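Here the structure comes first, spelled out in structure tokens, and everything after it is commentary.
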Amino acid sequence: MFENEKVNHVKFGEGSVMECDGSHIRIVFSCNNVEKTFAYPGAFDKFVSFQSEEAQHVAEEELTQVKLNQKKLEAMKKLILQENERRKEEALKAKAKRKR
């Protein structure tokens, strides 16, 4: 997926994708043959962009999906914390009632 696609990086310049496994992307940059591995698709949020519009579109769609999933996860965590607090309050009320 994306092998040999050309990319641009804000610091390292132009490079070529060596490998992308869906969670990491390995790029070799033209300047001094520097090889770097980045989180995929997170690196495409600010640092890396594909030269191909089609590949860039795919990366942006996957990045959007990751961000949506993160928002859903945060919302679920918040609900779990609220439910735990509610249960603690109920347990304290029940304990106080038993002491009377």
Side-chain angles (χ1 to χ4, degrees):
M1 167 178 163
F2 301 126
E3 281 75 14
N4 299 316
E5 285 284 347
K6 299 293 182 202
V7 299
N8 292 313
H9 186 278
V10 295
K11 180 178 177 182
F12 302 111
E14 185 175 301
S16 182
V17 175
M18 299 304 293
E19 178 182 23
C20 183
D21 64 10
S23 62
H24 292 89
I25 188 165
R26 189 167 49 98
I27 302 169
V28 173
F29 293 96
S30 302
C31 178
N32 298 329
N33 271 349
V34 174
E35 183 178 308
K36 298 285 182 180
T37 301
F38 302 95
Y40 178 84
F44 288 84
D45 195 20
K46 296 181 182 178
F47 308 109
V48 182
S49 61
F50 282 108
Q51 291 180 0
S52 157
E53 286 184 28
E54 183 179 330
Q56 183 66 27
H57 181 70
V58 170
E60 288 173 356
E61 283 184 351
E62 290 185 10
L63 183 60
T64 298
Q65 189 61 47
V66 165
K67 288 179 178 181
L68 285 172
N69 289 343
Q70 287 173 338
K71 284 183 182 179
K72 288 178 186 178
L73 183 59
E74 288 301 317
M76 289 171 57
K77 285 180 182 178
K78 185 177 177 180
L79 286 173
I80 289 169
L81 289 173
Q82 289 172 345
E83 178 63 15
N84 286 342
E85 281 300 313
R86 187 190 65 76
R87 287 181 181 184
K88 284 180 188 176
E89 287 177 22
E90 283 182 1
L92 288 173
K93 286 178 184 176
K95 187 176 181 181
K97 223 179 197 184
R98 285 192 300 263
K99 285 187 176 181
R100 286 187 211 171

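In this text, all values refer to a predicted model and were calculated from it rather than measured experimentally.
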Q: Determine, stepwise, if the pair His9 / Phe29 fulfils ring pair (Phe, Tyr, Trp, His ring centres under 6.0 Å).
A: CA-CA 9 Å; His9 186 278; Phe29 293 96; 5.6 Å; yes
Q: Determine, step by step, whether Thr64 and Glu61 satisfy the side-chain contact (heavy atoms from CB on, under 4.5 Å) criterion, reporting the C-alpha distance in whole Å, the side-chain angles of both residues, the deciding distance to 0.1 Å, and the verdict.
A: CA-CA 5 Å; Thr64 298; Glu61 283 184 351; 5.7 Å; no
Q: Run the numbers on Val48 and Asn8 for side-chain contact (heavy atoms from CB on, under 4.5 Å), then give the verdict.
A: CA-CA 6 Å; Val48 182; Asn8 292 313; over 6 Å; no
Q: Show the numbers, then the answer: is there a side-chain contact (heavy atoms from CB on, under 4.5 Å) between Lys93 and Glu90?
A: CA-CA 5 Å; Lys93 286 178 184 176; Glu90 283 182 1; 5.7 Å; no
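For the atom pair SG (Cys20) and CD (Glu5), the distance works out to 10.5 Å, reported to the nearest 0.5 Å. Interatomic distance, Leu92 CG to Arg87 CZ, rounded to the nearest 0.5 Å: 14.5 Å.
Follow the hydrophobic side-chain contacts under 4.5 Å out from Leu68 and you never reach Val58; the two are in separate clusters. Hydrophobic clustering of Ile, Leu, Val, Met, Phe, Trp and Tyr side chains at less than 4.5 Å, counting indirect connections, unites Val10 with Phe44.
Looking only at side-chain heavy atoms (C-beta outward), Val17 and Phe50 come within less than 4.5 Å of each other. The shortest side-chain heavy-atom distance between Lys67 and Asp45 falls under the 4.5 Å cut-off. At least one side-chain heavy atom of Ile27 sits less than 4.5 Å from a side-chain heavy atom of Ile25.
Side-chain N or O atoms of Glu83 include none that pairs as donor or acceptor with a backbone N or O of Leu81 at under 3.5 Å. Looking only at distances, a side-chain donor or acceptor of Asp21 sits under 3.5 Å from a matching main-chain atom of Ser23. Judged by distance alone, the side chain of Gln56 and the main-chain N or O of Ser49 form no donor-acceptor pair under 3.5 Å.
Heavy-atom neighbours of Phe38 CZ from other residues, nucleotides or ligands within 6.0 Å: above the threshold of 12.
In terms of heavy atoms, His24 sits closest to Ala39 at CD2-CA, 4.3 Å. Nearest heavy atom pair, residue Glu3 against residue Glu19, reads OE2-CA, 3.7 Å. Of all heavy-atom pairs between Pro41 and Ala59, the closest is CB-O, 3.9 Å. Among all heavy-atom pairs drawn from Gln51 and Glu14, the shortest one is NE2-OE1, 3.1 Å.
Looking at Glu89 and Arg86, no side-chain N of the basic residue comes within less than 4.0 Å of a carboxylate O on the acidic one, giving no salt bridge. For the pair Glu74 and Lys77, the salt-bridge criterion is met [side-chain N within less than 4.0 Å of a carboxylate O]. Using a 4.0 Å cut-off between charged nitrogen and carboxylate oxygen, Glu35 and Arg26 count as a salt-bridge pair.
Here the two rings, on Phe2 and Tyr40, have centers that are under 6.0 Å apart.
Donor-acceptor pairing under 3.5 Å is lacking for the side chains of His57 and Glu53.
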